[in-house]
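Below you'll find the structure, written out as structure tokens, and then a few comments.
Indexing begins at 1, ligand by ligand and atom by atom, following the structure's order.
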Amino acid sequence: MASHASPGSFTGTSPVWLREPEDVNALVPVLWSRTAEKVDGVLRIGGLSVADLVANVNTPAYVLDEDDFRSRARAFRDGFEGYDVYYAGKAFLSTAVARWVAEEGLCLDVCSDGELTVALRAGVDPARIGYHGNNKSAMELRRAVHAGVGRIIVDSYAEIERLADVAAQLGVVQPVMVRVTAGVEAHTHEFIATAHEDQKFGFSISAGAGFEAARRVVGASSLELRGLHSHIGSQIFDTSGWEVAARRVLGLHAKVAAELGHPMPELDLGGGFGIAYTTQDDPATPADLAAQITRIVAGECAALGIDVPHLSIEPGRAIVGPAMCTVYTVGTVKEVSLDGGAARTYVSVDGGMSDNIRPALYDADYSCTLASRSSAATPVLARVVGKHCESGDIVVKDEFLPGDIGPGDLIAVPGTGAYGRSMASNYNHALRPPVVAVKDGSARVIVRRETVDDLLATDVG
Ligand code: LLP
């Protein structure tokens, strides 16, 4: 990340992509959920003022725009017409959200017994659930097969054997997808790229493991091979990664069908569609993505002389990410001198890496806005930080905020719906914040704030 001399009336060090806004009070629409607006400087979502909302639920709080979530789900469902769209529950899952997913006609991807339990508790049809994971235990597999999960995505030879035994014991023929790695270097952070060779997921296509896994599944009478699965990573903007992956995966798909004489009716291309966290990001619409991916797959199938399989995708972030923001209260504000006479305003809020680990874990950028009033003060380059005992506890690395920001102000950070609450922790014995769903002027707590009793419930002395 490069630095440059800042323009205008402030001193500071900012990344090249960050421009001083014309109006520091204005929202940048692409970063916010659909119903977000400012009225007299106060952020409103779903027709509700976040100031009124947090007067009831306190801060920090995740605010989930139900209409926005549902419309993004529908945009994937309609854009990817003819596909099965599995919402990736790891991004954020609760019983309410699982029900919205089902109501909007999407399937659900889970990757743990906990996520499966939430989905079943919500009443999701198990036949519409896909089950992932690189280390599913026999107990987890048994529960999944017993529940009637529609597809299990196998990830190792040991799991194929384990699953075949479990299904045989339960007298079930379990539909299975084989997860393969296509050897694609997705242009994203190393920790969220998943299809290069040297990592823990799936079977390598180039090393022949993908074919061998398919052979073993076909050979197990209690398993039914439905097709291959490939997920190349997360927060990806460029379809060239999917293009290379589709070519390699379809090559194996055709080889399995031809050499094992086994029908391969399905293909899953995973998730990973990027969203805008800051003005640096420019995501495509689901309809555009669908057009490009469908064209890529059709072209490859034509070249291989095979029928186009039934396709599925697994978006998580692109559905829930922009639908949620986090609202914090400002506490301490401190001006820190930097080398060369510049200064940075450190704005401390009442949450941090316990409710959003992504800046610390992936160096992720976010943006934010003053949410409780408008201000005519000159913008300053600010860094919003949390209240945890680590200097890496950053909420928003670089943002312009009004120079008069102070204790008691509310700040809202957009785009925190994916992997915010779902990766939240109790670090420093923080109480994980609630998720409040808003719609048409009313609010509903769908995940309540943790209490000290919750914290102490597991501390058995
Ligand atoms: N399908 C599979 C098999 C996956 O492993 C994932 C994400 C998805 C779908 C959904 O990807 P999405 O559309 O949400 O990008 N914690 C990281 C992201 C890890 C993603 C893990 N797998 C983050 O906060 O960026």
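No salt bridge links Lys136 with Glu140; every basic N to acidic carboxylate O contact stays at or beyond 4.0 Å. At a threshold of 4.0 Å, the pair Arg142-Asp165 does not count as salt-bridged, since none of the basic side-chain nitrogens sits closer than that to a carboxylate oxygen. Note on Arg215 versus Glu259: no salt bridge recorded, every NZ/NE/NH1/NH2 to OD/OE distance being 4.0 Å or above. Using a 4.0 Å cut-off between a side-chain N of Lys or Arg and a carboxylate O of Asp or Glu, Asp268 and Arg151 qualify as a salt bridge. Between Lys397 and Asp363 there is a salt bridge, since at least one side-chain N of the basic residue sits less than 4.0 Å from a carboxylate O of the acidic one. With respect to Arg34 and Asp67, no salt bridge is recorded, no charged nitrogen being found less than 4.0 Å from a carboxylate O.
The shortest N/O to N/O separation between Arg317 and ligand 1 falls below 3.5 Å. Geometrically, ligand 1 and Arg179 share no nitrogen or oxygen pair separated by less than 3.5 Å. Backbone and side-chain nitrogen or oxygen atoms of Glu314 are examined, and one is located within less than 3.5 angstrom of a nitrogen or oxygen of ligand 1.
Contact atoms of ligand 1 toward Met423: 16 (N), 24 (O) (distance under 4.0 Å to a heavy atom of the residue). Each of the following atoms of ligand 1 lies closer than 4.0 Å to a heavy atom of Arg358: 23 (C), 24 (O), 25 (O). The atoms of ligand 1 that sit less than 4.0 Å from any heavy atom of Pro315 are 13 (O). Numbered from 1 in the order shown, with element, the atoms of ligand 1 that lie under 4.0 Å from a heavy atom of Gly272 read 11 (O), 12 (P), 13 (O), 15 (O). Near Ala88, meaning under 4.0 Å from one of its heavy atoms, ligand 1 places the atoms 8 (C), 9 (C), 10 (C).
Geometrically, Arg317 does not engage Phe273 in a cation-pi contact defined by less than 6.0 Å to the ring centre and at most 45° from the axis.
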Would you give me the side-chain donor-acceptor pairs under 3.5 Å for residues 117-125, sequence neighbours excluded?
| residue | atom | partner | partner atom | Å |
| --- | --- | --- | --- | --- |
| Thr117 | OG1 | Asp113 | O | 2.7 |
| Thr117 | OG1 | Arg143 | NH2 | 2.9 |
| Asp125 | OD1 | Ala127 | N | 3.0 |

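Of the options Gly316, Ser234, Ala418, Ala318, the smallest heavy-atom separation from atom 15 (O) of ligand 1 is shown by Ser234.
Counting heavy atoms under 4.0 Å from ligand 1, residue Phe201 does not touch it at all. Under 4.0 Å from ligand 1, the heavy atoms of Asp109 that appear belong solely to its side chain.
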